[in-house]
Amino acid sequence: MGSAASTITNVITIAIVLLLAGLAYESYTHVVLNQNNPLSSFLNLTSTVLPANGTLLTTTAQVNTSQTSAQLDAYALSLINSDRQKYGLGNVTLSNEPSGQQHSDSMLVGDYFSHWDPYGMKPYMRYTLVGGKGAVQENIAFRESATCGIFGCTGNINVKQALQQMEYEMMYNDSACCNNGHRENILTPQHNQVSIGIAYNASSVYFTEDFINDYVSWSNYGINPSNDEMYAVGTLPGGYTLSSIQINYDQPAQNMTRAQLDNTSSYSSGTTVAGIVSSPLYYYSNIQTIVADQYSTNGNGFNVAFNMRSTISKNGPGEYTVDVWLNDSSGAGFVGSSYTIFVNGSGDVYVPGNV
């Protein structure tokens with residue numbers, strides 16, 4: 001038997017981290033905080049999101065805003081870059097895209113923990129929907145600390161301490177749970193940006209690291225929904241070259257319950273179904289080959305156009321993610337950009353309304 005004090009008051013601390021799929025790159029409930037004017041105590045903030053069916057969902061969440069988002073982002077960034085510097089890697093900078101913050105807000109308000117969101121969207125899908133044009137790979141972590149007694153549970157979690165602990169666990173205690181997936185993501189040399197998400201209340205902190213490869217200066221990137229023609233026209237930094245372009249496919253995203261979300265683990269980047277070639281002289285032996293309508297390179301620039309109608313007809317509705325593979329100056333290949341295209345049951349390209 002424990003003492004009366006221990007029976008009445010139990011301190012529970014839980015730290016959880018979720019695996020990043022090795023080759024992967026992943027409702028939207030975005031609580032808007034005033035980053036320039038710290039607010040003390042707690043505020044009931046209303047968060048809105050447009051689900052896939054277009055119906056407005058409104059949820060009220062109690063969010064601790066005693067520290068500004070900018071301060072916490074800067075602290076988390078310093079932890080990440082300190083870990084990268086220890087292994088001789090360059091710093092990452094903060095991304096302008098809010099994919100990380102949106103996902104942490106969503107998990108806090110929805111009380112779930114997953115790389116997916118309640119609409120069944122993975123990180124790279126969400127990243128496209130907020131305007132991202134790099135390639136994203138996601139780490140998420142969760143920490144909870146509550147004191148529970150006869151009058152219920154209270155919490156007063158130290159957010160900075162929780163962030164430090166989660167970053168340390170992903171770096172140095174990641175093998176047993178996650179095959180070092182988080183650690184490898186933090187230490188991927190090609191990452192040059194990160195979209196950080198930190199959402200918390202009195203007892204819980206959700207931490208998202210959307211690491212990004214962003215190397216292409218795009219002048220034309222996207223699909224024409226009227227004829228399914230995809231355009232990829234951009235310029236690369238010196239020493240980088242276009243390697244290949246491939247298309248991955250996911251089954252149509254479906255709404256997910258909290259129980260389903262909490263039962264997920266790692267995610268993949270879909271099934272590779274097609275590759276783009278510059279001439280009929282070339283082909284892929286194990287996936288569909290698409291001969292580009294335009295495929296030229298000039299110095300660090302490239303101009304590629306190809307039609308996706310045959311691929312969409314073959315695979316049906318779902319999410320099609322175009323991966324642009326690059327080579328660096330050493331010849332190492334990596335995905336330098338991903339762009340998800342959403343196709344409905346009628347075979348038409350559309351933009352989901354849940355952003």
Side-chain angles (χ1 to χ4, degrees), residues 22-25 124-125 127-128 131-137 188-193 212-250 268-343 347-349 351:
L23 296 178
Y25 296 86
Y124 50 91
M125 301 173 188
Y127 180 66
T128 292
K133 293 182 179 179
V136 65
Q137 293 178 283
T188 296
Q190 290 83 8
H191 294 332
N192 57 4
Q193 293 184 7
I212 298 165
N213 302 334
D214 189 2
Y215 289 85
V216 185
S217 297
W218 293 103
S219 56
N220 191 0
Y221 193 36
I223 191 168
N224 183 342
S226 67
N227 61 2
D228 297 334
E229 188 78 1
M230 179 74 191
Y231 299 92
V233 184
T235 304
L236 296 169
Y240 292 84
T241 56
L242 175 66
S243 173
S244 65
I245 299 177
Q246 298 181 359
I247 301 170
N248 300 325
Y249 171 73
D250 285 282
S268 72
S269 56
T271 302
T272 304
V273 295
I276 316 306
V277 297
S278 59
S279 162
L281 297 175
Y282 306 102
Y283 66 92
Y284 285 87
S285 60
N286 55 345
I287 57 176
Q288 181 185 6
T289 298
I290 299 176
V291 179
D293 299 316
Q294 167 71 31
Y295 198 118
S296 62
T297 59
N298 182 14
N300 293 329
F302 59 88
N303 184 342
V304 182
F306 56 93
N307 198 277
M308 292 187 55
R309 182 162 295 171
S310 62
T311 302
I312 292 172
S313 297
K314 182 176 181 179
N315 294 281
E319 286 72 55
Y320 294 81
T321 300
V322 178
D323 280 351
V324 178
W325 285 80
L326 307 177
N327 287 333
D328 62 19
S329 57
S330 70
F334 64 97
V335 178
S337 180
S338 292
Y339 184 92
T340 299
I341 297 160
F342 302 85
V343 177
D348 296 325
V349 173
V351 177

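Since this is a predicted model, take the numbers as computed values, not measurements.
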| Rounded to the nearest 0.5 Å, how far apart are OG of Ser219 and CZ of Phe302? | 8.5 Å
| query | Got a sec, which pairs hit side-chain hydrogen bond (donor to acceptor under 3.5 Å, both in side chains) with one end in residues 326-337, sequence neighbours left out? | reply | Tyr221-Ser337, Asp328-Ser330
| message | Is the shortest side-chain heavy-atom distance between Ile312 and Asp228 below 4.5 Å? | response | yes
| query | Within a strict 4.5 Å, meaning less than it, do heavy atoms of the Ile247 and Ile276 side chains meet? | reply | yes
| said: Thr271: which residues meet the side-chain hydrogen bond (donor to acceptor under 3.5 Å, both in side chains) condition with it, sequence neighbours left out? | reply: none
| What pair of heavy atoms forms the shortest contact from Gly336 to Leu326, and how long is it? | CA-CD1, 3.8 Å
| Under 3.5 Å side-chain donor-acceptor pair for Asn307 and Asp293 | no
| Who pairs with Ser226 by side-chain hydrogen bond (donor to acceptor under 3.5 Å, both in side chains), at least two apart in sequence or on another chain? | Asn224
| field | Minimum heavy-atom distance between Ser268 and Tyr124, given as atom pair plus value | value | O-OH, 3.3 Å
| Distance in Å, Asn220 CG paired with Met230 CE, rounded so as to fall on 0.5 Å steps | 8.5 Å
| query | Could you give the distance from CD (Gln246) to OG1 (Thr321), rounded to the nearest 0.5 Å? | reply | 12.5 Å
| request: Assign the ring pair Tyr249 / Tyr320 to parallel, tilted or perpendicular, where the plane angle (0 to 90°) is split at 30° and 60°. | output: tilted
| Heavy-atom closest pair, residues Asp323 and Ser338 | OD1-OG, 2.6 Å
| Hey, are the side chains of Tyr284 and Val277 touching, using non-hydrogen atoms and a 4.5 Å cut-off? | yes
| task | Answer yes or no: is there a side-chain heavy-atom contact under 4.5 Å between Val349 and Met308? | result | no
| task | Specify the closest pair of heavy atoms between Ala135 and Val335, including all atoms of both residues, with the distance to one decimal. | result | CB-O, 3.5 Å
| Pair Trp325-Tyr215, ring pair (Phe, Tyr, Trp, His ring centres under 6.0 Å): steps then yes or no | CA-CA 11 Å; Trp325 285 80; Tyr215 289 85; over 10 Å; no
| said: Set out, in order, the CA-CA distance, both residues' side-chain angles and the distance that settles side-chain contact (heavy atoms from CB on, under 4.5 Å) for Val304 and Gln294, then state yes or no. | reply: CA-CA 5 Å; Val304 182; Gln294 167 71 31; over 6 Å; no
| request: Decide yes or no for Gln288 and Val273: does some side-chain heavy atom of the first lie under 4.5 Å from some side-chain heavy atom of the second? | output: no
| query | Does any non-hydrogen side-chain atom of Val216 lie less than 4.5 Å from one of Leu236? | reply | yes
| remark: Separation between CD (Glu319) and CD1 (Ile341), nearest 0.5 Å, reads 11.0 Å
| said: Is there a side-chain contact between Val324 and Tyr339 in this structure, where contact means two heavy atoms from C-beta onward sitting under 4.5 Å apart? | reply: no
| query | Is the shortest heavy-atom distance from the side chain of Thr188 to the side chain of Phe334 under 4.5 Å? | reply | no
| Closest contact, heavy atoms only, Asn227 versus Arg309 | CA-NH2, 3.1 Å
| said: Could you report the tightest heavy-atom contact between Val233 and Trp218, atom names first, then the distance? | reply: O-CE3, 3.4 Å
| Do Asn192 side-chain atoms and Asp214 backbone N/O form a donor-acceptor pair below 3.5 Å? | yes
